[in-house]
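Before any comments, here is the structure.
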2 protein chains.
Amino acid sequence: MSPNIETMLIEKGIQPTAMRMLVLDCLLKQSSATPMTELESELHPADRITIYRTLKTFEEKGMVHAIDDGSGATKYAICVEDCSTTGHHDLHVHFNCNICKQTTCLPNTSVPELKLPEGFVPAELSLIVKGVCPGCSNR
Amino acid sequence: MSPNIETMLIEKGIQPTAMRMLVLDCLLKQSSATPMTELESELHPADRITIYRTLKTFEEKGMVHAIDDGSGATKYAICVEDCSTTGHHDLHVHFNCNICKQTTCLPNTSVPELKLPEGFVPAELSLIVKGVCPGCSNR
DNA sequence: ATAGATAATGCAATCCTATTGCATGCAATG
DNA sequence: CATTGCATGCAATAGGATTGCATTATCTAT
């Protein structure tokens with residue numbers, strides 16, 4: 001396990017317990033947004049509820065963001081650097097592959113300006129694109 | 001009940017049963033996207049499962065679109081006119097009010113062009129904005 | 001270092017939405 | 001009028017999300 005896992009937690013104001021370090025470590029190893037079930041099996045036999053609450057805590061502290069890609073299960077991904085600086089979280093696009101069902105964060109694809117009708121005050125934004133990811137289109 | 005409800009169903013290739021006309025009528029009266037629970041109580045004592053399956057049918061036939069706004073319950077709204085013509089459905093923005101929790105379709109707010117990274121092939125797109133709606137910001 | 005306070009963990013149980021199986025009823029068709 | 005197919009209604013289940021409560025670990029101040 002990377003030695004700076006503990007530091008990462010402390011920097012976000014999260015008490016670095018063994019459990020939380022395990023969860024964070026697991027999340028860091030993922031190449032795409034990860035559902036509870038995945039974490040459950042990877043961290044087995046850790047308690048499901050504890051993982052659930054750990055993710056809640058991570059989310060509140062800005063360590064991860066939750067993505068609802070319509071699959072029915074919430075997925076979690078580590079927040080990229082600019083989350084902490086801007087205070088806005090999750091402003092990037094998420095891509096959900098129709099074939100492999102993986103959800104990938106696209107931090108470099110910024111969300112364009114939107115002109116909402118009079119009276120609508122935007123606060124957060126969620127943009128999910130469904131289609132075929134590079135891995136699946138090459139096969 | 002509007003007399004053209006039956007026509008609307010037929011035009012979409014949906015057999016116009018009494019139940020389906022009731023559900024469609026109810027949907028037409030809504031000012032924002034409607035969750036199952038809402039339809040359930042409005043159409044009481046109609047069977048929950050039947051409403052559920054009716055909505056599934058409506059969705060398949062392009063009569064309504066389903067919106068997952070992260071509230072945990074899928075919401076349904078009548079497809080606007082351009083759904084049928086372009087073949088694309090649900091290409092408009094949805095606005096979810098943090099105060100009244102209502103989800104409104106914004107058909108006039110088009111989704112801007114996106115430049116995805118190499119290899120990502122987009123098919124569908126879902127854009128949900130959270131914030132405060134006109135009704136709630138005026139109070 | 002120790003005691004008390006505070007927070008994290010683990011287990012059980014529950015809520016709620018989504019979904020399927022199966023039997024019955026209705027309707028169009030020949 | 002019989003047949004066939006779809007719609008409906010009821011029951012049951014699956015699965016994710018969430019809370020209560022008792023136990024354990026961790027932190028803080030002395």
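Numbered from 1 within each chain, the chains take letters A, B, ... in sequence-line order.
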Rounded distance in Å - [atom1] ([X]) to [atom2] ([N]):
X      : N       : atom1 : atom2 : value
L22(B) : dA7(D)  : CG    : P     : 16 Å
L39(B) : dT17(C) : CG    : P     : 13 Å
L9(B)  : dC6(D)  : CG    : P     : 17 Å
E59(B) : dA18(C) : CD    : C1'   : 13 Å
L43(A) : dA8(C)  : CG    : P     : 18 Å
E40(B) : dA18(C) : CD    : P     : 10 Å
I49(B) : dA14(D) : CD1   : C1'   : 13 Å
M36(A) : dG16(D) : CE    : P     : 9 Å

Go through it in stages, so that I can follow the logic: the residues are D68(A) and T74(A), the test is side-chain hydrogen bond (donor to acceptor under 3.5 Å, both in side chains), and I'd like the CA-CA distance, side-chain angles, deciding distance and then a yes or no. CA-CA 5 Å; D68(A) 183 349; T74(A) 305; 5.5 Å; no

Using the side-chain heavy atoms of T54(B), tell me which of these nucleotides is nearest: dT19(C), dT8(D), dC11(C).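 Looking only at heavy atoms from C-beta outward on T54(B), the closest nucleotide is dT8(D).
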
Out of dA18(C), dG9(D), dT19(D), which has the shortest distance to the side chain of M19(B)?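 The answer is dG9(D), which lies nearest to the side chain.
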
Any donor-acceptor pair under 3.5 Å from K12(A) side chain to G62(A) backbone: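 The answer is yes, because a donor-acceptor pair under 3.5 Å joins these two groups.
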
Just call it for [X]: base, sugar-phosphate, or nothing, with non-hydrogen atoms closer than 4.0 Å on any strand.
X      : result
T57(A) : nothing
T50(A) : base
R48(A) : nothing

Need to verify one output field. Residue with the more 5' nearest nucleotide on DNA chain C, Q15(A) or T74(B)?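 Checking each residue's closest nucleotide, the 5'-ward one belongs to Q15(A).
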
Taking OP1 and OP2 of [N], is either one under 4.0 Å from a side-chain nitrogen or oxygen of [X]?
X      : N       : answer
R53(A) : dT18(D) : no
T17(B) : dC26(C) : no
Y52(B) : dT17(C) : no
K56(B) : dT19(C) : yes

Could you report the tightest heavy-atom contact between P16(A) and L9(A), atom names first, then the distance?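 In this case the closest contact between P16(A) and L9(A) is CA-CD1, 3.8 Å.
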
Can you tell me which residue among D69(A), N96(A), N98(A), T103(A) is in a side chain to side chain donor-acceptor pair (under 3.5 Å) with K130(A)?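 Output: one option passes, namely N96(A).
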
If you find the nucleotide of DNA chain D closest to R20(B) and the one closest to P45(B), which residue's nucleotide is nearer the 5' end?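 Nearest-nucleotide comparison on DNA chain D picks R20(B).
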
Considering the options R20(B), M63(B), Q15(B), which one meets the side chain to side chain contact (heavy atoms under 4.5 Å, CB included) requirement together with T57(B)?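 It is R20(B), the one option of R20(B), M63(B), Q15(B) that forms the side chain to side chain contact (heavy atoms under 4.5 Å, CB included) with T57(B).
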
